Amino acid sequence: MDNAGTSSTVPQDLGRAYAKKLRWVGELRFLAVFLAILGYGLFGIHKWSASLVQAATNNFYLQILLCWIPLWILCVVAYLPASLYHFYLDRKFQMAKSGLRLWLRDFLKANALGFAFGAAIIEIAFASTTSFPPYGWILAGILCSFLFMTVNRSLPWLLSLFYPVLPLSNNLLQEKLTRLAAKAGLHVGTMYEWRISERTRGANALVTGVGSARRILLTDTLISGLSEDEVEAIVAHELGHCALHHIRARLLLQSFIFVAIFYAINFAVRHDLVCFIDDNRGWRDLRLLPGFFLYWNCAYIYGNMILSTLSRRQEREADLYSWTLIGRAEPFISAMRKLTALNLAVFDKKSEWKYMHPPTADRIAAAEQYAKAHGESITASEVTVAVDPVSN
């Protein structure tokens with residue numbers, strides 16, 4: 001393979017191939033989890049598990065947690081091959097730099113957090129519906145929304161479990177972003193540098209939290225790969241989500257989706273429509289667990305499609321906010337071109353419904369139209385990155 005730097009057309013081609021294969025990985029993961037839950041129920045493991053934990057303890061909520069352990073382990077083992085294939089793709093497309101040992105350590109960490117998160121959802125579902133039978137599904141949906149909001153606020157801490165997350169050391173950039181936030185009428189707390197360059201070439205930026213708890217996180221790859229003006233344009237986009245109250249709208253829609261999901265699952269429980277059990281005893285039946293988890297996974301995927309529709313509209317609004325806030329679109333355009341080359345995030349309009357963001361090419365075209373309408377001259381530039389063409 002030739003190691004020479006190549007123009008942005010190569011990342012475009014690689015990006016489409018990479019995105020397509022990642023979609024396959026996502027489908028394989030879902031299929032693996034589906035088959036794991038199916039096998040768990042069809043082979044009667046949930047009945048054996050329920051009997052075992054009932055003999056071990058009389059605490060219902062501890063029983064739920066103990067029943068969750070073998071089901072989660074089985075699901076993790078089932079999708080491990082797909083996750084390994086994801087790691088292989090990241091290495092093949094030069095997105096990952098870390099070795100298998102470090103990847104495995106992060107995989108175990110992520111799944112430990114996934115276990116805790118899943119346990120919280122299950123405990124919320126069973127506790128709400130058993131404590132308040134008529135309307136417990138409403139309480140469950142609201143509590144799950146608060147759970148997701150708590151996770152969002154805890155992102156700096158969660159990310160620090162995998163990568164070094166340190167206060168931003170670039171004082172000039174920090175001052176520039178502080179002035180930008182003030183111009184947007186927003187208060188931001190500590191700005192962090194999210195150091196991922198030793199493991200990936202990908203780049204990202206995000207603003208998390210609200211009010212005094214609002215934080216800006218920038219990957220070191222973003223800081224080193226983009227100019228300060230380009231970083232400012234990307235952060236302006238993220239601030240746009242805050243200024244336009246996108247997070248609040250997203251959380252509200254997510255709450256409605258969760259309430260609808262729990263209503264549907266509660267309806268199935270009350271009308272004996274839950275998989276893998278013949279004599280449904282209601283929400284105090286530990287054997288509900290695999291059926292509940294199966295329904296939750298399927299409903300969550302469809303709920304995310306609804307949420308993605310709102311998210312894509314919000315991304316376009318935040319793009320416009322960025323151009324307006326900094327007074328020009330060119331830094332945004334060049335930043336998006338560089339991010340496409342770094343992240344290999346390339347997909348077409350017909351695949352848009354699978355993503356939270358619109359196609360990058362459409363966002364760049366919209367920015368160019370904005371620039372033209374406002375008399376801004378855009379310099380045609382070619383993004384050059386050092387990549388090895390990957391055979392497909």
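In this text, all values refer to a predicted model and were calculated from it rather than measured experimentally. Note that these values count all heavy atoms, side chains included, but never hydrogens, waters or copies made by symmetry.
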Looking at [X] and [Y], does any basic side-chain N land under 4.0 Å from a carboxylate oxygen?
| X | Y | answer |
| --- | --- | --- |
| Glu376 | Lys372 | no |
| Lys338 | Glu230 | yes |
| Asp220 | Arg195 | no |
| Glu352 | Arg316 | yes |

Below 6.0 angstrom between ring centroids: does that apply to [X] and [Y]?
| X | Y | result |
| --- | --- | --- |
| His241 | His245 | no |
| Phe293 | Trp68 | yes |
| Tyr355 | Phe347 | yes |

Does a donor on one side chain and an acceptor on the other come within less than 3.5 Å for [X] and [Y]?
| X | Y | value |
| --- | --- | --- |
| Asn266 | Trp283 | yes |
| Arg201 | Thr221 | no |
| Glu315 | His246 | no |
| Asp13 | Tyr18 | no |

In this structure, which one of Leu339, Asn204, Leu342 forms a side chain to side chain contact (heavy atoms under 4.5 Å, CB included) with Leu222? Leu339
Would you mind writing out the side-chain donor-acceptor pairs for residues 256-264 within the sub-3.5 Å range, not counting sequence neighbours?
none

Report the relative orientation of the aromatic rings in Phe126 and Phe292; use parallel for angles under 30°, tilted for 30 to 60°, perpendicular for over 60°. perpendicular
Taking atom [atom1] of [X] as the centre, does the number of heavy atoms from other residues, nucleotides or ligands within less than 6.0 Å exceed 12?
| X | atom1 | answer |
| --- | --- | --- |
| Phe117 | CZ | yes |
| Arg270 | CZ | no |
| Glu228 | CD | yes |

Are the side chains of Lys176 and Asp229 in touch, meaning some heavy atoms are under 4.5 Å apart? yes
Salt bridge (Lys or Arg N to Asp or Glu O under 4.0 Å), that's the test. Do Glu368 and Arg337 meet it? Break it down for me. CA-CA 12 Å; Glu368 290 173 338; Arg337 286 173 177 159; 2.9 Å; yes
Look up atom CD1 in Ile45 and atom CZ in Phe276, then write down how far apart they are to the nearest 0.5 Å. 10.5 Å
So, taking the atom named CD in Gln314 and the one named CG in Leu307, what distance separates them when rounded to the nearest 0.5 Å? 8.0 Å
Hits for side chain to side chain contact (heavy atoms under 4.5 Å, CB included) against Ser255, two or more places apart or cross-chain, chain-then-number order -> Ser145
Can you check whether Lys350's main-chain N or O pairs, donor with acceptor, with Asp348's side chain at less than 3.5 Å? no
